[in-house]
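In what follows, residues are counted from 1 in the order of the sequence shown. Reckoned from all heavy atoms, side chains included, excluding hydrogens, waters and symmetry mates.
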Amino acid sequence: MRIAIFGTKGYDRHFLSAANQGHELHFLEPRLDADTASLGEGFEAVCVFVNDRLDAAVLAKLAAGGTRLIALRCAGYNNVDLVAAAELGLTVVRVPAYSPHAVAEFTVALLMALDRRIHRAWARVRENNFALDGLIGRNLHGRVAGVIGTGRIGALVARTLKLGFGCEVLASDVAQDPELLAMGVRYVSPRDLLEQVDIVSLHCPLTPDTRHIINADAIGRARDGLVIVNTSRGALIDTQALVAGLKSRKIGGVALDVYEQEADLFFEDLSNEIIEDDLFQRLLTFPNVLVTGHQAFLTEEALASIAETTMANISDFAAGRPLANRVDRQAAIAPRG
């Protein structure tokens with residue numbers, strides 16, 4: 001198949017080329033949106049990532065240009081209008097799991113860096129400032145941690161916090177993990193969880209029910225000094241409410257690898273540009289905020305797995321085989337975690 005691969009970086013080219021199964025790969029640097037959809041004309045398959053935009057208008061352009069397959073090289077599909085895709089006869093496939101350890105390990109790394117002020121200490125030492133004032137952290141041991149979403153990634157984070165650091169762990173999910181229950185993790189509602197924990201880590205999919213699950217009301221009910229870690233989807237957090245919580249000192253710290261308006265920022269070098277997103281810029285002014293640019297997935301193992309599954313999905317479609325990783329329009333009503 002002829003495949004247009006949008007939003008590619010050097011690592012995408014390397015790993016997708018290595019996993020290629022005889023397809024004709026065309027790597028495109030622009031992200032897919034209404035302005036770039038015409039670049040997909042004449043390609044049977046289009047391969048996209050998390051910040052590509054596949055609304056009804058974009059999908060219509062792709063279908064008119066001969067595209068039959070949308071291959072997501074990611075797990076999430078909230079950026080795809082699945083109803084429109086079905087009506088246009090477009091098949092959508094994804095990578096449901098690649099390396100949950102990659103994201104889980106990065107989540108814990110962010111938490112520890114934030115809690116022990118490692119990001120601030122590193123910046124100081126580079127300026128020959130070895131003073132310890134302002135770098136006092138807290139032990140993880142004995143604290144109450146909450147994990148919202150206990151799929152593959154969330155379950156790993158919960159185990160690490162429980163068994164590795166000796167935290168009391170509360171969890172919230174529509175399906176309870178029996179292994180977590182057996183090790184003493186307690187399941188409660190998201191509301192109850194946010195009222196009882198010192199730390200909350202988000203690992204749920206973005207759905208209408210989870211959008212802005214961290215909002216002004218949730219922050220108001222939380223314990224003073226709540227630490228928030230998000231490596232899932234940016235829109236799980238209401239950024240305006242987050243800034244207000246930081247200003248009032250209700251929130252004790254925030255570590256983000258995702259941001260709800262990240263599509264205009266992440267994966268690009270904007271060091272010579274003026275960032276017009278005032279909320280994002282305000283976040284960066286807080287000493288107790290740590291932001292990374294959606295890199296939790298970025299390990300050799302995860303990239304290889306993503307590429308292999310993506311190419312296998314495309315080959316299965318080309319050969320008319322059953323599609324184990326197909327996303328149908330029903331997922332738009334009840335998205336999978």
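Using a distance-only test at 3.5 Å, with no hydrogens or angles considered, a donor-acceptor pair links the side chain of His23 to the main chain of Met1.
Hydrophobic clustering places Tyr77 together with Leu59 (ILVMFWY residues linked when any side-chain heavy atoms are closer than 4.5 Å, directly or through intermediates).
Electrostatic pairing of Arg186 and Glu168 counts as a salt bridge here, judged by a charged N lying under 4.0 Å from a carboxylate O. Using a 4.0 Å cut-off between a side-chain N of Lys or Arg and a carboxylate O of Asp or Glu, Arg282 and Asp278 do not qualify as a salt bridge. A salt bridge between Glu44 and Arg2 is absent, with no side-chain N of the basic residue lying under 4.0 Å from a carboxylate O of the acidic one.
Among pairs with a residue in residues 295-319, those fulfilling salt bridge (Lys or Arg N to Asp or Glu O under 4.0 Å) read Asp316-Arg321, at least two apart in sequence or across chains.
Within the 6.0 Å centre-distance limit, the rings of Phe49 and Phe297 are counted as a close aromatic pair.
With respect to Thr210, the side-chain contact (heavy atoms from CB on, under 4.5 Å) criterion is satisfied by exactly one of Ser232, Cys204, Pro205: Cys204. Of the residues listed (Arg143, Arg223, Arg138), the one engaging Asp198 in a side-chain hydrogen bond (donor to acceptor under 3.5 Å, both in side chains) is Arg223, and it is the only one. Each of Gln240, Arg233, His212 was evaluated against Glu260; a single residue qualifies, His212, per the side-chain hydrogen bond (donor to acceptor under 3.5 Å, both in side chains) test.
Heavy-atom minimum distance, Arg124 versus Gly134: NH2-CA, 4.2 Å.
Ring orientation note: the planes of Phe267 and His294 are tilted relative to one another, at an angle of 30° to 60°.
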- prompt: What's the verdict on side chain to side chain donor-acceptor pair (under 3.5 Å) for Gln295 and Asp257, showing C-alpha distance, side-chain angles and the deciding distance?
  reply: CA-CA 7 Å; Gln295 71 176 82; Asp257 188 51; over 6 Å; no
